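Comments concern the structure below.
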Amino acid sequence: MRAVWHFSFTVSDLDKAVEFYTDALGCVCVHRQEQANAYTRSLVGYPDAQLRVAQIRIGDVPTPSGHHLELVQYVIPRGARGDINICNPGAAHLAFAVEDLNAEYNRLRKLGVRFFSEPNTITAGVNAGGAAVYFHGPDDIVHELVQPPTRLTAPDTVCD
């Protein structure tokens with residue numbers, strides 16, 4: 001593995017999801033496309049698949065693909081949201097690094113974003129000294145705001 005190309009969330013309404021990521025979170029939509037072709041149908045395993053896709057850049061750091069997040073709406077077949085609990089295997093979340101967690105928390109709350117709790121100080125682990133809070137995005141996708149601890153570099157460790 002060389003790098004992360006992008007990550008993706010399936011959403012029920014692409015336009016509302018793009019609006020959330022751009023307007024509320026300050027991301028940039030860099031590309032939109034409709035996908036109803038043989039390649040896409042083979043890739044996703046649905047012979048009649050029709051998708052709407054948006055590619056979102058988070059921050060100013062470029063990636064090899066030009067984006068970090070891909071949002072996909074399945075027009076055909078339509079899906080249904082399963083269990084949203086974050087404790088379930090396969091559940092995921094996206095964490096955003098912020099400089100001032102409390103300011104971002106308060107700004108997003110005023111926009112109607114639903115949070116799991118108030119910001120929490122991280123008291124254990126490699127990020128001790130920082131702070132974090134989980135919140136819901138489109139389709140109740142879980143996100144996190146993280147104010148990293150003050151340190152010059154990331155820990156230089158390798159798992160055993």
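The chain is numbered in sequence order, starting from 1. Source: prediction; values computed, not measured.
Of the inter-residue distances, the one linking Ile84 atom CD1 with Ile141 atom CD1 reads 11.0 Å to the nearest 0.5 angstrom. To the nearest 0.5 Å, atoms NE2 (His68) and OH (Tyr21) are separated by 14.0 Å. Atoms CD1 and NE2, from Ile56 and His31 in turn, are 11.5 Å apart once rounded to the nearest 0.5 Å. Put simply, OG on Ser8 and NE2 on His67 are 8.0 Å apart, with the number rounded to the nearest 0.5 Å. With rounding to the nearest 0.5 Å, the separation of CG in Asp139 from OG in Ser12 is 3.5 Å.
Think of Val75 as one node in a network of Ile, Leu, Val, Met, Phe, Trp and Tyr side chains linked at under 4.5 Å; its network also takes in Ile76.
The local environment of CZ in Phe7 is crowded, with over 12 non-hydrogen atoms from other residues, nucleotides or ligands closer than 6.0 Å.
Pairs of residues two or more places apart, or lying in two chains, that qualify as ring pair (Phe, Tyr, Trp, His ring centres under 6.0 Å) and include a residue from residues 97-117 are Tyr105-Phe115, Phe115-Phe135, Phe116-Tyr134, Phe116-His136. Under the salt bridge (Lys or Arg N to Asp or Glu O under 4.0 Å) criterion, the residue pairs touching residues 95-106 are Glu104-Arg107, with sequence neighbours excluded. The list of salt bridge (Lys or Arg N to Asp or Glu O under 4.0 Å) pairs with a residue in residues 35-59, not counting sequence neighbours, reads Asp15-Arg52, Glu34-Arg52. Pairs engaging residues 123-133 under the salt bridge (Lys or Arg N to Asp or Glu O under 4.0 Å) rule: none recorded [sequence neighbours left out]. Sorted by first then second residue, the salt bridge (Lys or Arg N to Asp or Glu O under 4.0 Å) pairs that include residues 116-134, not counting sequence neighbours, number zero.
Asn37 places a side-chain N or O within 3.5 Å of a backbone atom of Thr40 that can act as its donor or acceptor partner. Side chain of Gln147 to main chain of Leu101: a donor-acceptor pair is present (N/O by atom type, distance under 3.5 Å, no hydrogens or angles). Listed for the Asn106 side chain is no donor-acceptor partner under 3.5 Å among the backbone atoms of Ala103.
A single hydrophobic cluster is not seen to contain both Tyr74 and Phe9; linkage of ILVMFWY side chains at heavy-atom distances under 4.5 Å, directly or through other members, places them apart. In the hydrophobic clustering of this structure, Leu51 does not group with Leu71; members are Ile, Leu, Val, Met, Phe, Trp, Tyr whose side-chain heavy atoms approach within less than 4.5 Å, directly or through other members. Hydrophobic clustering places Leu69 together with Val113 (ILVMFWY residues linked when any side-chain heavy atoms are closer than 4.5 Å, directly or through intermediates). Grouping the Ile, Leu, Val, Met, Phe, Trp and Tyr side chains by contacts below 4.5 angstrom, directly or via other members, places Phe20 with Leu14. Residue Val142 is not grouped with residue Ile58 when hydrophobic side chains (ILVMFWY) are merged at heavy-atom distances under 4.5 angstrom, including chains of intermediate members.
Contact detail for Pro149 and Ala128: the closest heavy-atom pair is CB-O, 3.3 Å. Between Pro77 and Ala49, the shortest heavy-atom contact is CD-CA, 4.4 Å. Shortest non-hydrogen contact noted between Ala95 and Val146 is CB-CG2, 4.1 Å.
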Checking Thr63 against Trp5 for the side chain to side chain contact (heavy atoms under 4.5 Å, CB included) test, could you report, in this order, the C-alpha distance in whole Å, the side-chain angles of both residues, the deciding distance, and whether it holds? CA-CA 7 Å; Thr63 65; Trp5 190 256; over 6 Å; no
Checking side chain to side chain contact (heavy atoms under 4.5 Å, CB included) for the pair His143/Leu94: CA distance, chi angles, key distance, verdict? CA-CA 5 Å; His143 296 74; Leu94 168 60; 4.0 Å; yes
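The salt bridge (Lys or Arg N to Asp or Glu O under 4.0 Å) search around Arg109 returns none, not counting sequence neighbours. Residues that satisfy the salt bridge (Lys or Arg N to Asp or Glu O under 4.0 Å) test with Arg114, not counting sequence neighbours, are Asp140. Legend: residues meeting side-chain contact (heavy atoms from CB on, under 4.5 Å) with Asp23, ordered by chain and number and at least two apart, are Glu19. Not counting sequence neighbours, Glu70 has no partner by the salt bridge (Lys or Arg N to Asp or Glu O under 4.0 Å) test. Listed by chain and residue number, Asn120, Val133 satisfy the side-chain contact (heavy atoms from CB on, under 4.5 Å) test with Ser117 (two or more places apart in sequence, or in another chain). Taking Ile122 as the reference, Asn127, Ala132 meet the side-chain contact (heavy atoms from CB on, under 4.5 Å) condition, with sequence neighbours excluded.
Between Val18 and Arg32 the shortest side-chain heavy-atom distance falls below 4.5 Å. Between Thr22 and Val28, the closest side-chain pair of non-hydrogen atoms is not below 4.5 Å. In this structure the side chain of Leu145 reaches within 4.5 angstrom of the side chain of Leu108, judged on heavy atoms. Residues Arg78 and Gln73 have side chains in contact (heavy-atom distance under 4.5 Å, counting atoms from C-beta outward).
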